[in-house]
Student: 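Have a look at this one.
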2 protein chains.
Amino acid sequence: MFHSSESEEGLKEQIILEAAMDEFIAHGWTGARMQAIADRAGINKTLLHYYFRSKKNLYQRILYRVMKYFFGIVLGNIVESGSFEEFLRAAIDTIVEESGRNPRLPMFLMQELSLGGKTARVMLREVLNEQKQPLTAVMLEKVRKGIEEGVIRSVDPGQFILTLIGSCLYFALAEPIIMEIGSLAGFMEGFDRDGFLQKRKKEIFSVLYYGIRKRGAEE
Amino acid sequence: MFHSSESEEGLKEQIILEAAMDEFIAHGWTGARMQAIADRAGINKTLLHYYFRSKKNLYQRILYRVMKYFFGIVLGNIVESGSFEEFLRAAIDTIVEESGRNPRLPMFLMQELSLGGKTARVMLREVLNEQKQPLTAVMLEKVRKGIEEGVIRSVDPGQFILTLIGSCLYFALAEPIIMEIGSLAGFMEGFDRDGFLQKRKKEIFSVLYYGIRKRGAEE
DNA sequence: GTCTATATCCTGATAGAC
DNA sequence: GTCTATCAGGATATAGAC
């Protein structure tokens with residue numbers, strides 16, 4: 001699933017990393033078992049310690065890959081957008097699409113954060129520093145530019161980015177709970193997941209860009 | 001912190017539950033240690049098994065309390081709102097305030113979900129069923145009413161609720177990462193957390209209600 | 001109800017033969 | 001590089017005295 005950017009990795013290392021990622025994403029740091037990783041990779045448990053010294057070392061490699069992949073995709077899809085509207089659509093489409101296709105990635109990051117997140121913070125700084133232009137700086141700049149050009153209102157750029165990302169990620173993060181709530185409330189019978197995600201992109205753009213207030217109504 | 005709604009619980013049970021909640025929230029299901037819970041409560045480890053049969057049993061009790069508390073507060077603060085605008089402000093203020101004051105609660109729920117969430121789903125249904133009017137039904141109804149009365153545009157109510165909750169929760173969920181990104185991007189020097197949360201409420205309301213598009217600009 | 005001691009199991013990691 | 005066997009530590013849970 002992820003193409004490695006490191007230069008010298010054998011095929012077996014790749015297989016192990018894939019297996020380890022599945023296991024860590026499924027069960028988290030404390031819940032993941034070295035035996036289970038070995039089973040997923042179809043190798044002996046001893047081999048894990050031969051290729052990667054310890055569980056911790058393996059975990060950090062996985063964390064690095066997930067961040068590198070996720071931030072890389074988003075950055076790649078927004079960096080060349082021209083108008084603010086283009087940027088907004090690209091950002092929403094990419095984050096909803098990626099987190100929808102593989103919800104375990106943002107869940108994995110959230111889980112790491114909820115357990116203190118020290119490792120995640122260090123890793124994050126490293127990953128962002130490796131980008132020619134850090135993702136966050138680019139996003140903030142796009143919003144600032146939109147304000148300067150008079151296309152959008154003078155909102156706080158950082159606050160808006162938070163609203164944007166939160167709106168896009170939340171479905172993936174809370175899908176299990178949402179499905180339960182949805183069935184209770186009766187608004188998701190015969191659920192078409194892919195269609196829902198497509199609609200989600202449009203609805204987020206619509207609300208963030210135009211708001212929900214009816215023009216001319218009250219006030 | 002949480003006042004129990006169960007009828008028959010001794011003082012010591014309460015102390016243990018508080019300690020267990022802290023430990024589970026800090027380290028998750030697999031990471032939490034019975035010994036650590038005993039230490040936090042200032043009792044012997046054996047007492048844990050005397051009062052609560054097993055770790056699993058204790059965990060479920062905690063999960064129930066957290067959900068009951070969180071959903072209860074939100075429901076209580078929106079159920080009597082009159083206009084749609086009142087409802088929107090009340091929902092945003094409550095969720096930002098509660099998740100900001102204690103970010104570990106939403107993190108705890110997210111973590112449970114990321115690890116499969118089966119227990120969470122069952123518990124969620126139970127908690128919602130116990131509310132006179134389920135929180136989710138009330139929120140959907142408020143949006144529908146706003147549309148019917150012509151106050152807001154005809155958006156998909158479920159989609160809007162997702163955008164609303166995601167926007168409000170995201171800061172609390174990703175705060176460790178955001179602070180790191182913030183310092184990198186230089187938009188959060190000398191951070192005043194409480195002031196930030198107050199501003200966050202206003203910004204979310206502003207974007208969701210009015211959108212960010214400048215009136216009369218292009219198109 | 002509360003303690004000490006212990007059973008039983010599981011985990012990450014390593015030693016050593018091949 | 002790859003296997004079998006095993007160590008040493010730590011986890012939940014219980015037995016049994018008081």
Side-chain angles (χ1 to χ4, degrees), chain A residues 4 6-65 108 111-112 114-116 118-120 123, chain B residues 4 6-65 108 111-112 114-116 118-119:
Chain A
S4 170
E6 284 110 332
S7 46
E8 320 235 355
E9 277 182 359
L11 176 60
K12 193 152 285 184
E13 274 94 342
Q14 287 301 319
I15 294 175
I16 293 176
L17 282 173
E18 293 296 327
M21 179 147 53
D22 289 343
E23 174 71 7
F24 278 123
I25 288 175
H27 298 110
W29 161 249
T30 43
R33 299 290 169 241
M34 294 296 270
Q35 181 62 59
I37 295 174
D39 291 346
R40 284 178 194 262
I43 61 165
N44 192 287
K45 193 174 58 162
T46 315
L47 268 283
L48 281 182
H49 290 91
Y50 176 76
Y51 283 106
F52 307 86
R53 270 201 342 276
S54 65
K55 183 182 179 182
K56 187 174 186 178
N57 182 36
L58 193 50
Y59 182 73
Q60 287 175 339
R61 296 279 292 269
I62 301 299
L63 198 56
Y64 177 84
R65 279 164 69 100
F108 177 61
Q111 185 196 238
E112 163 67 23
S114 74
L115 301 181
K118 191 182 175 186
T119 312
M123 202 70 67
Chain B
S4 168
E6 284 110 331
S7 46
E8 319 237 354
E9 277 180 0
L11 177 61
K12 194 152 285 184
E13 274 94 339
Q14 287 302 318
I15 294 175
I16 294 177
L17 283 173
E18 294 294 328
M21 180 149 51
D22 289 342
E23 174 71 7
F24 278 123
I25 287 176
H27 298 111
W29 161 248
T30 44
R33 301 287 168 242
M34 294 295 270
Q35 180 63 61
I37 296 174
D39 292 346
R40 285 179 194 262
I43 61 164
N44 193 284
K45 196 175 53 162
T46 316
L47 268 283
L48 282 182
H49 291 92
Y50 175 77
Y51 283 106
F52 307 88
R53 268 203 342 279
S54 64
K55 182 182 179 182
K56 188 173 184 177
N57 182 35
L58 193 50
Y59 183 73
Q60 288 174 341
R61 295 279 293 268
I62 301 301
L63 199 56
Y64 176 85
R65 278 164 69 100
F108 177 62
Q111 185 196 238
E112 164 67 23
S114 74
L115 301 181
K118 191 182 173 184
T119 312

Student: Using the ring of each side chain (for Trp, its six-membered ring), is F108(A) parallel, tilted or perpendicular to Y59(A), with breaks at 30° and 60°?
Tutor: perpendicular
Student: Return the value, rounded to whole Å, for the distance between atom CG of L11(A) and atom P of dG1(D).
Tutor: 12 Å
Student: Taking all heavy atoms of I62(B) and all of A20(B), pick out the closest pair and write down the distance.
Tutor: CD1-CB, 3.9 Å
Student: Using whole Å, report how far CD1 of I15(B) lies from C1' of dG1(C).
Tutor: 15 Å
Student: So does K12(B) get a side-chain nitrogen or oxygen closer than 4.0 Å to the phosphate oxygens (OP1/OP2) of dT2(C)?
Tutor: yes
Student: Can you list everything that forms a salt bridge (charged side-chain N to carboxylate O under 4.0 Å, His left out) with E23(A)? Sequence neighbours excluded, please.
Tutor: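 Partners of E23(A) under the salt bridge (charged side-chain N to carboxylate O under 4.0 Å, His left out) test: R40(A).
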Student: Does any non-hydrogen side-chain atom of K55(A) lie less than 4.5 Å from one of F24(A)?
Tutor: yes
Student: Under 4.0 Å, counting only non-hydrogen atoms across every strand here, what does Y51(B) touch: a base, just sugar-phosphate, or nothing?
Tutor: sugar-phosphate
Student: Measure CG/N44(B) against P/dC3(C) and give the value in whole Å, please.
Tutor: 5 Å
Student: Between dA13(C) atom C1' and L58(A) atom CG, what is the distance in whole Å?
Tutor: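 Spelled out: CG on L58(A) to C1' on dA13(C) is 14 Å.
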Student: For A26(B) versus L115(A), what's the shortest heavy-atom pair and its separation?
Tutor: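 Taking A26(B) first and L115(A) second, the nearest heavy atoms are O-CD2, 3.6 Å.
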Student: Quickly work out the D39(B) CG to dC3(C) P distance and round it to whole Å.
Tutor: 13 Å
Student: So which atom in A19(A) and which in I37(A) form the shortest heavy-atom distance, rounded to 0.1 Å?
Tutor: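 Of all heavy-atom pairs spanning A19(A) and I37(A), the closest is CB-O, 3.7 Å.
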Student: Quickly, which of L48(A), D39(A), T46(A) forms a side chain to side chain contact (heavy atoms under 4.5 Å, CB included) with M34(A)? Name it, please.
Tutor: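 Option passing the side chain to side chain contact (heavy atoms under 4.5 Å, CB included) with M34(A): L48(A).
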Student: Quick one, give me the B/S/- string for nucleotides 13-18 of chain D, reading 5' to 3', where B means a protein heavy atom under 4.0 Å from the base and S means that only happens at the primed atoms, P, OP1 or OP2.
Tutor: BBB---
Student: Among residues 22-32 of chain A, which residues get a heavy atom nearer than 4.0 Å to DNA chain D?
Tutor: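 The stretch gives none, as no residue of it lies under 4.0 Å from the strand.
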Student: State, to 0.1 Å, how close W29(B) and Q111(B) come at their nearest heavy-atom pair, and which atoms those are.
Tutor: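 Closest approach of W29(B) to Q111(B): N-NE2, 4.2 Å.
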Student: Any non-hydrogen side-chain atom of L63(B) less than 4.5 Å from a side-chain atom of E112(B)?
Tutor: yes
Student: Quickly work out the Y59(A) OH to dA13(C) P distance and round it to whole Å.
Tutor: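 After rounding, the gap between these two atoms is 15 Å.
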Student: Could you tell me the separation between the CZ atom of R33(A) and the P atom of dC9(C), rounded to a whole number of Å?
Tutor: 17 Å
Student: Reckon Y50(A) has a side-chain N or O less than 4.0 Å from the OP1 or OP2 of dA13(C)?
Tutor: no
Student: In whole angstrom, give the distance that lies between atom CG of L48(A) and atom P of dG12(C).
Tutor: 10 Å
